[in-house]
Amino acid sequence: MNNLDKKNYKKTILLIAMILLPGLAVADELNQANTAWVLTSTVLVLFMTLPGLSLFYAGLVRSKNVLSVLMQCFAITCMISIMWLVGMYSLIFTDGGAVQSFIGGLSKAFIADMGPDSLTGNIPESVFFMFQMTFAIITPALIVGAFAERMKFSTMMVFSACWALFVYVPVCHWVWGGGWLAEMGVMDFAGGIVIHITAGISALVAALVLGNRKGFPTVAMPPHNMPMVVTGAGMLWVGWFGFNAGSALTADGSAGMAMLVTHISAAAGSLTWMVMEWIRFGKPSVLGIVTGMVAGLGTITPASGYVGPVGALAIGITAGIVCFYAVQIIKRHFHIDDSLDVFPVHGVGGIVGSILTGVFAAESMGGLGLGGVTILHQVGVQAVAVLATVIWSVACTYVILKVLDSLMGLRVSEDDEVEGLDIVLHEETGYHNL
């Protein structure tokens with residue numbers, strides 16, 4: 001019997017069983033609609049990094065560093081993909097035995113025993129593997145924005161690998177792999193804690209440890225290519241539908257609602273930031289409206305599978321206000337050179353969204369329900385998760401950076417920084433006529 005005959009035989013037996021035993025629940029049967037949607041979402045999330053985030057960040061830096069940012073995002077994508085195969089996936093999504101509350105095991109290192117027919121729920125495990133990989137890719141790529149224009153490429157690669165292993169893997173397991181935060185009942189639908197808080201907090205630590213770029217804050221360092229920024233921002237917005245709606249892992253109303261609230265929050269965040277800027281500085285800027293979009297998207301991410309449209313509107317408006325002021329405080333008051341505003345947008349947005357999830361997920365607030373617990377209880381769980389993630393991210397990121405600084409150095413020389421990383425590190429230029 002060939003493979004096709006075997007598959008047809010299995011389908012025939014299954015059909016007969018369903019007819020003769022109508023009450024029989026067939027577990028883990030492949031759902032083609034869900035599979036198609038998660039496949040599509042996987043492409044959308046990878047599209048967020050390549051080329052969405054890459055272009056967004058590249059346009060924000062000065063022209064002499066445009067290729068360095070594109071290179072960093074591309075290299076991180078390749079490296080995390082291999083690390084995911086080797087062991088990251090297994091450490092997050094398998095049973096860790098006695099240490100399951102904190103970390104998984106290595107039973108699926110190199111995706112052992114995964115075949116075409118292996119399922120996670122009712123989608124192929126290979127599809128789930130790829131979908132989750134794209135989340136792991138974009139998270140360290142976000143941090144690039146904090147140390148743009150001054151970190152050694154070699155150090156950046158080692159830092160990103162260590163950070164993924166010691167920060168992303170444990171926190172992701174705590175929340176999505178059945179760890180201690182999952183046992184507490186934390187709500188993080190698509191990565192407000194796992195992605196935005198870890199990346200945002202670590203970005204702040206990196207900016208503080210590396211120090212400011214030469215000339216900051218007295219020398220103006222405007223984006224060199226705003227059309228590139230807006231192009232990247234548009235790609236992020238579209239890709240975010242895969243990020244949030246794809247996290248439903250189903251092609252049904254839950255994915256549709258996640259997509260709807262994601263869009264509403266992005267629009268609300270954009271318009272709110274635009275108005276805040278208009279009031280504060282007299283004119284609305286293109287940079288402001290796209291930054292507000294990212295704030296709205298990052299803040300709705302943890303809540304996207306739990307809240308309704310009204311809750312999304314409130315979260316988006318809150319994101320636009322809070323993240324706008326966070327940027328002003330970090331840059332203008334404390335003079336911290338988080339080059340591309342990773343902490344005030346992603347970190348602060350992730351924290352705000354994670355806390356507000358416990359509020360707007362309640363049925364009384366138009367959400368889908370808190371599973372029988374009170375708003376106060378759920379907000380408490382969310383706060384514990386946020387605090388634990390902040391502490392872990394700060395401690396691990398600081399140690400990693402300090403160790404790497406002593407071993408290989410973090411920054412390029414001052415002369416190299418002035419010349420630009422494109423020529424110094426890659427012997428290339430993005431614009432030959434400049």
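Side-chain atoms of Asp341 and Ile330, non-hydrogen and from C-beta on, never get closer than 4.5 Å to each other. No side-chain heavy atom of Thr262 sits under 4.5 Å from any side-chain heavy atom of Met259. Put simply, the side chain of Thr134 does not reach to within 4.5 Å of the side chain of Ile138, judged on heavy atoms. Gln132 is listed as a side-chain neighbour of Trp84, based on a closest heavy-atom distance under 4.5 Å. Within the 4.5 Å cutoff, the side chain of Ser68 has no heavy atoms near those of the Glu149 side chain. Residues Val345 and Thr291 have side chains in contact (heavy-atom distance under 4.5 Å, counting atoms from C-beta outward). Counting only heavy atoms from C-beta outward, the side chains of Leu142 and Tyr57 approach each other to under 4.5 Å. Taking 4.5 Å as the limit, every side-chain heavy atom of Leu425 sits out of range of all side-chain heavy atoms of Lys152.
Side-chain contact check for Ser413 and Asp416: at least one donor-acceptor pair (N or O, by modelled atom type) lies under 3.5 Å. Under 3.5 Å, the side chains of Thr250 and Ser254 contain a donor-acceptor pair of N or O atoms. A donor atom on one side chain and an acceptor atom on the other are found under 3.5 Å apart for Trp240 and Thr301.
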**Request:** Kindly indicate, with the supporting measurements, whether the criterion side-chain contact (heavy atoms from CB on, under 4.5 Å) is fulfilled by Leu60 and Leu287.
**Result:** CA-CA 9 Å; Leu60 288 171; Leu287 178 58; 3.5 Å; yes

**Request:** Might you work through the side-chain contact (heavy atoms from CB on, under 4.5 Å) test for Val186 and Gln382, ending with a clear yes or no?
**Result:** CA-CA 6 Å; Val186 69; Gln382 299 299 109; 3.6 Å; yes

**Message:** Between His426 and Phe153, is the side-chain contact (heavy atoms from CB on, under 4.5 Å) condition met? List the steps.
**Reply:** CA-CA 9 Å; His426 307 295; Phe153 180 73; 3.9 Å; yes

**Message:** Run Val412 and Met151 through side-chain contact (heavy atoms from CB on, under 4.5 Å) and show every step you take.
**Reply:** CA-CA 6 Å; Val412 298; Met151 195 177 203; over 6 Å; no

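Shown here is Phe74, whose CZ atom has no more than 12 heavy atoms of other residues, nucleotides or ligands within 6.0 Å. In Leu376, the CG atom is not crowded: 12 or fewer heavy atoms of neighbouring residues, nucleotides or ligands sit closer than 6.0 Å. At most 12 non-hydrogen atoms from other residues, nucleotides or ligands lie less than 6.0 angstrom from OH of Tyr398.
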Got a list of side-chain donor-acceptor pairs under 3.5 Å for residues 306-316, not counting sequence neighbours?
none

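Looking at Arg150 and Glu417, no side-chain N of the basic residue comes within less than 4.0 Å of a carboxylate O on the acidic one, giving no salt bridge.
Atom OG of Ser90 and atom CD1 of Ile103 lie 9.5 Å apart (nearest 0.5 Å). In this structure, the separation between CG on Leu407 and NZ on Lys402 is 13.0 Å, given to the nearest 0.5 Å. Put simply, CG on Leu249 and CG on Asn122 are 8.5 Å apart, with the number rounded to the nearest 0.5 Å. Atom CD of residue Gln72 and atom CG of residue Leu53 lie 11.0 Å apart, to the nearest 0.5 angstrom. To the nearest 0.5 Å, atom CG of residue Leu370 and atom CZ of residue Phe360 are 12.0 Å apart. Within the model, atoms OG of Ser54 and CE of Met48 stand 11.5 Å from one another, a figure rounded to the nearest 0.5 Å.
In this pair, Trp176 and Phe135 present their aromatic rings perpendicular. The plane angle is above 60°, beyond the 30 to 60° band. Ring geometry, Tyr89 versus Phe93: the interplanar angle falls from 30° to 60°, so the pair is classed tilted.
Closest heavy-atom contact between His224 and Ala58: CE1-O, 3.1 Å. Across every non-hydrogen atom of Thr397 and Ser202, the tightest pair is OG1-OG, 2.8 Å. The two atoms that bring Ile76 and Ile137 nearest to each other are CG2-O, 3.8 Å, heavy atoms only. Across all non-hydrogen atoms, the minimal contact from Pro124 to Thr35 is CD-OG1, 3.3 Å. Considering every non-hydrogen atom in both Met79 and Ala161, the closest pair reads CE-N, 3.6 Å. Ala182 approaches Val175 most closely through the heavy-atom pair CB-O, 3.5 Å.
Looking only at distances, a side-chain donor or acceptor of His173 sits under 3.5 Å from a matching main-chain atom of Ile92. Thr198 places a side-chain N or O within donor-acceptor distance of the main-chain N or O of Val194, the cut-off being under 3.5 Å. With Ser393 contributing its side chain and Ile201 its backbone, the two residues share no donor-acceptor pair below 3.5 Å. In terms of modelled atom types and a separation under 3.5 Å, the side chain of Thr77 and the main chain of Cys73 share a donor-acceptor contact. Not a single donor-acceptor pair under 3.5 Å links the side chain of Thr272 to the backbone N or O of Gly320. Counting only distance, with no hydrogens or angles, the side chain of Ser118 and the backbone of Gly115 share a donor-acceptor pair below 3.5 Å. A donor-acceptor pair under 3.5 Å is formed between the side chain of Thr155 and the backbone N or O of Gly409. Side chain of Asn65 to main chain of Gly420: no donor-acceptor pair is present (N/O by atom type, distance under 3.5 Å, no hydrogens or angles). No donor-acceptor pair closer than 3.5 Å links the side chain of Thr94 to the backbone N or O of Gly104. A donor-acceptor pair under 3.5 Å is absent between the side-chain atoms of Asn31 and the main chain of Ile123, judged by distance alone.
Remark: Trp237 pairs with His263 by the side chain to side chain donor-acceptor pair (under 3.5 Å) rule, at least two apart or across chains. Judged as a side chain to side chain donor-acceptor pair (under 3.5 Å), and not counting sequence neighbours, Tyr168 has no contacts.
Here the options are Val327, Leu204, Val205, the test is side-chain contact (heavy atoms from CB on, under 4.5 Å), and the partner is Phe343; only Leu204 passes.
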